[in-house]
Structure formats: C-alpha cells, structure tokens
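Below: one structure, written as structure tokens.
All values below come from the heavy atoms of this structure, side chains included, with hydrogens, waters and symmetry mates left out. Index from 1, following the sequence.
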Amino acid sequence: MARALLISKSKALNFKRLTFLYLIFFIFFFQSSPGEFVVHFQPLSKTQLALNSQLKDRLQAIEPMLPEEISIKSKSIETLNFLDSLEDHFLAFSKDKANKKSWLKEQKYTKQYITRDKIGNAIHGKLSSLIDAFPAGYREKLRSDLGLTNEERIGAIKYPNKFLKEAPNGTIGSIIAHLKMVVLTQTLQYFKKEVFNAKLVNVSAASDSALLQGYKSTYYVGEEVVFDFFSRDSIEPIISINDERIKPIVNGRHFLVIWNPTLPGDYALKAAVDEEGITQLLSVVKPALRFLETEQEIAAYLSEPLTLTLDLNGLERIKELRFVSKGATVQRNGNTLTIIPEFEGRFELDMMAGNILLDKKSVFALKGNPPRVAPKDIAGRETEIKTAHCLESMNPNWQVLNFSMTLCYPNGKKVELQSNTRFLRNELRSLERAAPKGSTLLFHHIRLINKNGISTISGTPIFINK
C-alpha cells in the first residue's frame, strides 16, 4: 500500500503559487500562438470537394425501389443542397478575405451566424431530419460523424454543432465539406455500395442485408414460406437451404423462393449475389392443436355433435390444413370444428398438413342422455298411436331394436307384450283399440343401437293415456 507524503503548510503555499504561474504561462502561450495550422484547411477543403463530387455522382446513379430507400436518398440530396447553400453563404462572407492569415484565425463567421443566428438552428434541424430517415442502427454513428450535440444554449442559439462551435474562419469550408462527405458515405454504405469501387459489401447476417426482404427465425411444418430476395442489379442470387440449391422465381428485381418444410429441425438458408451474401439459421417446429375452450368444456358424447373453436393464430399459412379422426366424424367451418363421436371411449383428433401429421389430441366419448323415442307413421313423421307404424328415435344416429309394451286398465289389470322389432304388431294394435277409456299405454325397455352397429342404449319411455 502506498504511503502518503506530508507537505508542510509553507511548502504547500509555494506549490500553489508555482501551479498558478504554469497556468498563466499556458494561457499566454496559446494566446500568442500564430495559429498557422489554420492555413492547411484551405487546400484540404479542395481535396474534399473533388472526392464529394465523385461520391455524389454515385449517389445520383442509384435507383431505389423500396419506400424507405427512396426516402433516404431524397433526404440525403435535400441535405446536400442545404449544405451547398450554406457553403455559398460562407463564400460570400469570406470574399476578398480568405488570404489574410489574421482573418483565418478569427471566429467571426461562427459568432455572427452560427451562435447568434437561426442558421445554427437550421443546420441542426436539417441534419437531425436526415438522421431520423435512417434505420435506428445507423443513427448513433451519423449523429457523431455529423457533430450533433445534446440540447444546450449558447447565446441565442439552442442547438450548436460541435464542429462549427467556435470554429475559426479558415476551417469553415473544410467543415462543410466534411459534413457533405459524411452524408454521402453513410448513404452509399446504406445502399451497400463501397465508396471507391462501387462493389457490394460482404454481410454476415440477414438482419444487416437488403438482399433478403423480411424473414422469421421460426416456421411451422407445412407452412408455405416465401423468401423475397432483392437484387438491385437484377443478378439472380445463388440460394440454398441445407446446401440444397433452389431455383428462384424471377419477378423483376425480386427473386422469390417458395419453401414448404415437411420435417422439423434446423435449416441453414444461404444466398449470395456477387460479393454480398447471407447465412441465416431457421428453425422448423410442429404446431400445437389448440382450442379456445378449456379442457373442462370439451365433453364428448356418443353420436352427439361437439363444437370446438380452433386457435389458428400463426397457422394461417400452413398448406392443406385439415382435421380428421378414425373415431369421429369431423367437419370444419372456418375456425369451428364439429365433432360427432362414432364410438364410446377414447379417440384421436389429428391435425394434418396434407398427409403430414402435425399434432393430435385425445378425446373421450361417453354415452349421453337417453335419446327420445316417439311413434311415427309410415312416412317417418311423428304421429298418434292409432296411426303409428313403428317406434323411432328422434336422433338419426340411433335406431330402435326392440321394446316392451304394458297396458294398464282402469281396474288395475296389466297386460304386457314384447316386440323384437321396432314395428307395432297387429296384436299390439288390437289390444290398444280394445282398451277402455282411462287405460294407460306404456312403452318401456326400449333398446336402441347406434349407427356404428355396436353401441346400444335405452331410450326414454313413452306414456300414452287413452
């Protein structure tokens, strides 16, 4: 651990005096400096002017297609025109003075027009508007390279530029040329044009590239995926998925790839145009069969329709999406499934994409309430007993197999008959016609069979008073 050095009060006062004298020395040194460095900015600005002219020609040659690209080019040219007018204003101010060294070191232009005039605000506003036109990832570098500062107040100006703040007259032309160069180089880099040879820049991720026009990292099995590759020079990109070459569909400068993954897993999407290339990892998963109803609301009964609402969020682009079951009849109407179980017990509801199984859900079917049974005529219409032809279930999925009939007389006497079919025999009809008024006819032990030919159930009894 370092030891502290103790200084007496008398020596401490001498140190303070010495420090103060050094400060006075530096102040007089800088004030008496001839400022010869300022003269080097004038030839530098001429070199910048020649470079900017070439860069501007490259920018003018670009023909943007997308709305955001059109906006960025328009904003850049608008900013360059503004800086041209600022340069003209400075040249008019410096007329017949640019060769005087004393004038070059002065700060008259910034004090007169930047820090005390609305020109400073206009510069900040125009550069800020340009920065806002770029994507968020470009803005911080642009803000730094263009010299934008945080909000502060110096004199009458609210937004001074850090490059122009207290800048000597001899540096103004070079600063304006620098601002133009930043606008041009950053715009050209956005359009993926290298500054000096106009070649496409290599990129390592699709999120940094204008080549791939939108993508996701995760897709579903059976989903119809469309990748849109954009080539400004109309050069067909070399495209592959897991190293399998894919021929794109040409649509102007857009090259479309339609991909329908059939297996889950990880896939590598690669594309290249000249020196620009992307490699994007994609994940393919199987979607889940989901319903808006809760598990408690999913109660299935044999031969009775069960209505469920599908949750298809994210599944809209799955090709040939369908729902089937080996134990039930399934009908789909938009987001609604109607399921009619054909057997008692457990059955599977499958979600398919064509012939690809995506997911399945297990459902258990129970026998429901006894079907209502009624006498019907020969045409199948419900009728009175005197014109009835047979007993029929009101549920078309059930049919009467047999039944018992009991006739109760007013004196308490009972007569019981058994029918092995659903039809009303002549013996039963004769007994009913001969029964006195006040008698009760009871059809009971009505046995029904399901249309599956296996399941049976008892129907509701029928009471008829004469």
Side-chain angles (χ1 to χ4, degrees), residues 218-224 260-265 283-374 391-404 420-422 444-461:
T218 303
Y219 295 94
Y220 287 127
V221 171
E223 182 176 356
E224 187 173 74
N260 186 235
T262 58
L263 294 173
S283 177
V284 176
V285 298
K286 285 189 174 183
L289 176 54
R290 305 182 301 266
F291 300 107
L292 298 183
E293 291 81 5
T294 62
E295 291 291 335
Q296 292 78 8
E297 295 174 311
I298 302 177
Y301 295 99
L302 182 62
S303 295
E304 294 186 18
L306 168 65
T307 301
L308 296 174
T309 307
L310 291 165
D311 180 4
L312 297 178
N313 185 30
L315 310 183
E316 299 85 355
R317 296 188 62 86
I318 292 183
K319 195 174 181 180
E320 299 181 22
L321 184 66
R322 60 193 183 97
F323 302 86
V324 298
S325 176
K326 293 182 179 179
T329 301
V330 182
Q331 294 180 341
R332 179 187 173 190
N333 183 14
N335 289 359
T336 302
L337 281 188
T338 301
I339 305 166
I340 303 177
E342 297 176 347
F343 300 94
E344 292 179 74
R346 193 171 300 281
F347 65 93
E348 303 288 344
L349 177 63
D350 299 337
M351 180 169 67
M352 311 285 291
N355 295 322
I356 303 171
L357 176 63
L358 301 179
D359 195 19
K360 62 172 57 181
K361 185 173 285 292
S362 180
V363 184
F364 196 88
L366 301 170
K367 286 183 180 178
N369 296 322
R372 189 172 79 84
V373 178
L391 296 185
E392 289 283 5
S393 169
M394 300 303 290
N395 187 329
N397 296 305
W398 295 93
Q399 181 176 312
V400 175
L401 278 177
N402 51 56
F403 61 90
S404 298
N420 292 325
T421 67
R422 60 194 174 97
H444 58 101
H445 296 157
I446 304 172
R447 187 162 164 261
L448 299 94
I449 188 169
N450 192 266
K451 67 177 183 179
N452 61 29
I454 299 174
S455 302
T456 61
I457 196 173
S458 296
T460 55

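To the nearest 0.5 angstrom, Leu312 atom CG is 4.5 Å from Asn335 atom CG. How far OH of Tyr301 is from CD1 of Ile340: 16.0 Å, rounded to the nearest 0.5 Å. Atom NZ of Lys286 and atom CG of Leu263 lie 8.0 Å apart (nearest 0.5 Å). Atom CD of Gln331 sits about 10.0 Å away from atom OG1 of Thr307, to the nearest 0.5 Å. The CG atom of Asp350 sits 5.0 Å away from atom NZ of Lys360, with the distance rounded to the nearest 0.5 Å. Summarising the geometry, atom CG belonging to Asn333 is positioned 10.5 Å from atom CG belonging to Leu310; distances are rounded to the nearest 0.5 Å.
With 3.5 Å as the limit, one finds no donor-acceptor pair spanning the side chains of Asn313 and Asp311.
Counting all heavy atoms, side chain and backbone alike, Thr338 lies closest to Pro305 at CG2-CB, 4.0 Å. Nearest approach of Trp398 to Ser393, heavy atoms of both residues: O-CB, 3.4 Å. Summarising the geometry of Val363 relative to Ala300, their closest heavy-atom pair is CG1-CB, 3.8 Å, with the distance given to 0.1 Å. Residues Ile318 and Ala353 approach most closely at CG2-CB, 3.8 Å, considering heavy atoms. The two residues Thr460 and Ile446 come nearest to each other via the heavy atoms O-CD1, 3.5 Å. Nearest heavy-atom pair across Leu315 and Pro287 is CD2-CB, 3.4 Å.
Counting heavy atoms from C-beta outward, Asn355 and Arg322 have side chains that approach closer than 4.5 Å. Side-chain contact between Leu308 and Phe323 is absent, with no heavy-atom pair separated by less than 4.5 Å. Looking only at side-chain heavy atoms (C-beta outward), Leu337 and Val330 come within less than 4.5 Å of each other. Two residues are said to be in side-chain contact when any heavy atoms from C-beta on lie closer than 4.5 Å; Glu293 and Thr309 meet this criterion. Taking the side chain as every heavy atom from C-beta outward, Leu358 and Leu321 approach each other to under 4.5 Å.
Applying the 6.0 Å contact sphere to CZ of Phe291 captures more than 12 heavy atoms from other residues, nucleotides or ligands. The environment of His444 atom NE2 is dense: over 12 non-hydrogen atoms of other residues, nucleotides or ligands sit within 6.0 angstrom.
Judged by distance alone, with hydrogens and angles left aside, the side-chain atoms of Asn260 form a donor-acceptor pair with the main-chain N or O of Gly222 at under 3.5 Å. Between the Glu316 side chain and the Gly314 main chain, a donor and an acceptor come within less than 3.5 Å of each other. At distances below 3.5 Å, not a single donor-acceptor pair connects side-chain atoms of Arg317 with backbone N or O atoms of Lys319. Looking at Lys361, its side chain never comes within 3.5 Å of a backbone N or O of Met351 through a donor-acceptor pair. In this structure a side-chain-to-backbone donor-acceptor pair under 3.5 Å is missing from Glu344 to Leu302. At distances below 3.5 Å, not a single donor-acceptor pair connects side-chain atoms of Lys451 with backbone N or O atoms of Glu342. Of the possible polar contacts, none joining the Asn395 side chain to the Pro371 backbone as a donor-acceptor pair under 3.5 Å is found.
The existence of a salt bridge linking Glu348 and Lys326 is excluded, since no basic side-chain nitrogen approaches an acidic carboxylate oxygen closer than 4.0 Å.
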